[in-house]
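See structure below.
The first residue of the sequence shown is numbered 1, and numbering continues consecutively from there.
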Amino acid sequence: MAFSQDVWQRNVDLYQKTLALPFNQELASGTLNKEAFCHYVIQDAHYLVAYGRALAVCGAKAYEADDIIQFSQGAKEAIVVERSLHDGFMKNFDISKQQFEETPLTLACHHYTSFLTATAWSESYPVVLAALLPCFWIYAEVGKDIVGNSIANNPYQAWINTYAGEEFNQAVRNVIATIDKVAARCDADTIEKMHKAYRKGAELEWLFWDSAYKQQQWLGLDHA
């Protein structure tokens, strides 16, 4: 069994819980609170900068030239998307540059980005790949469900459409192929570390959406 098949089966319960989160369900139904969505967009922009850094380190650790290109380009794309948020969704939802800059990372975003950057610098290439995989894969799979269930005239349709892009989904397939190729050469101890890294990343994906829905700040205090 390929690593990707095994890791998905081991964590399908967590994926189902992520799919069922109120944030994702209400995004599809168009009933999501605007403040919760804005909270998410701001934190996502912060997150993407750190994710880009982690992808760049992953590229530096890659075994093959094609993989260096793959993850270096991924790092660039993460920053491009982060910048596009400022010119697109933040403007559309009246989020000022000052508001973004003055909004600190939430506990969830800080935890997730710290995990990714620490793993990127301290762990081996296979383990770094496994930690980065949930953001690609779970985001894509949740996105497919939201796209399929989105109502007509959804106020968040422009955001939802970003999930459905073929370019992003092809990138996800490429990362899955790369991690399976790398995992096939790993020993049992490394494979187990990869499973643990994927699980932690998947848990933090869940937490990121849940935190956005609750608009949680430091010390667990709600926005309200």
Return yes if some donor-acceptor pair links the side-chain N/O of [X] with the main-chain N/O of [Y] below 3.5 Å, else return no.
| X | Y | result |
| --- | --- | --- |
| S150 | V147 | no |
| Q43 | P104 | yes |
| N149 | S29 | no |
| Y198 | W8 | no |
| E141 | L19 | no |
| Q5 | A2 | yes |
| K193 | S124 | no |
| T190 | C186 | no |
| T103 | Q99 | yes |

Do the non-hydrogen side-chain atoms of [X] and [Y] ever get within less than 4.5 Å of each other?
| X | Y | value |
| --- | --- | --- |
| Y47 | L116 | yes |
| R10 | D6 | yes |
| F37 | N33 | no |
| S84 | V80 | no |
| V81 | E77 | yes |
| W209 | V142 | yes |
| Y40 | W159 | yes |
| L48 | R83 | no |

Exercise for review: Begin with the C-alpha distance, continue with both residues' side-chain angles, and end with the deciding distance and a verdict on side chain to side chain contact (heavy atoms under 4.5 Å, CB included) for V41 and F93.
Suggested key: CA-CA 10 Å; V41 170; F93 284 86; over 6 Å; no
Nearest 0.5 Å please: distance from the [atom1] atom of [X] over to the [atom2] atom of [Y].
| X | Y | atom1 | atom2 | result |
| --- | --- | --- | --- | --- |
| I146 | Q25 | CD1 | CD | 8.0 Å |
| D187 | E192 | CG | CD | 11.5 Å |
| L129 | F136 | CG | CZ | 9.5 Å |
| N154 | I160 | CG | CD1 | 4.0 Å |
| S4 | Q9 | OG | CD | 9.5 Å |
| S96 | H86 | OG | NE2 | 11.5 Å |

Other residues, nucleotides, ligands: >12 heavy atoms within 6.0 Å of [X] [atom1]:
| X | atom1 | result |
| --- | --- | --- |
| K61 | NZ | yes |
| E101 | CD | yes |
| D13 | CG | yes |
| E166 | CD | yes |

Can you tell me if [X] and [Y] form a side-chain donor-acceptor pair at under 3.5 Å?
| X | Y | result |
| --- | --- | --- |
| Q170 | N174 | yes |
| Q157 | N161 | yes |
| Y213 | E26 | yes |
| H195 | N11 | no |
| Y112 | E205 | yes |

How close do [X] and [Y] get, heavy atom to heavy atom, and via which atoms?
| X | Y | answer |
| --- | --- | --- |
| L132 | Y51 | O-OH, 2.9 Å |
| A140 | V172 | CB-CG2, 3.9 Å |
| A75 | A56 | CB-N, 3.7 Å |

Exercise for review: List the steps and the verdict of ring-ring contact (aromatic ring centres under 6.0 Å, His included) for Y15 and W206.
Suggested key: CA-CA 8 Å; Y15 167 68; W206 180 95; over 10 Å; no
Sidechain N-carboxylate O distance under 4.0 Å for [X], [Y]:
| X | Y | result |
| --- | --- | --- |
| K181 | E64 | yes |
| R199 | E203 | yes |
| K97 | E102 | no |

Between [X] and [Y], is there a shared hydrophobic cluster once you connect ILVMFWY residues whose side-chain heavy atoms come closer than 4.5 Å?
| X | Y | answer |
| --- | --- | --- |
| V12 | L207 | yes |
| I79 | I68 | no |
| L55 | Y63 | yes |
| M194 | V57 | no |

Review point. Could you go step by step and tell me if F23 and F208 meet the side chain to side chain contact (heavy atoms under 4.5 Å, CB included) rule?
Key: CA-CA 10 Å; F23 185 98; F208 196 90; over 6 Å; no
Exercise for review: In sequence, state the C-alpha distance, the side-chain angles, and the governing distance for T178 and Q70, and then conclude on side chain to side chain donor-acceptor pair (under 3.5 Å).
Suggested key: CA-CA 9 Å; T178 298; Q70 179 183 12; 2.8 Å; yes
Review point. Are F100 and H46 close enough, and set up right, to give a ring-ring contact (aromatic ring centres under 6.0 Å, His included), and what steps lead you there?
Key: CA-CA 9 Å; F100 168 74; H46 285 309; 4.5 Å; yes
Exercise for review: In sequence, state the C-alpha distance, the side-chain angles, and the governing distance for D210 and K17, and then conclude on side chain to side chain contact (heavy atoms under 4.5 Å, CB included).
Suggested key: CA-CA 11 Å; D210 184 64; K17 290 176 182 177; over 6 Å; no
Point to revise | Derivation of the side chain to side chain contact (heavy atoms under 4.5 Å, CB included) call for H39 and T106 | key: CA-CA 10 Å; H39 178 105; T106 60; 3.6 Å; yes
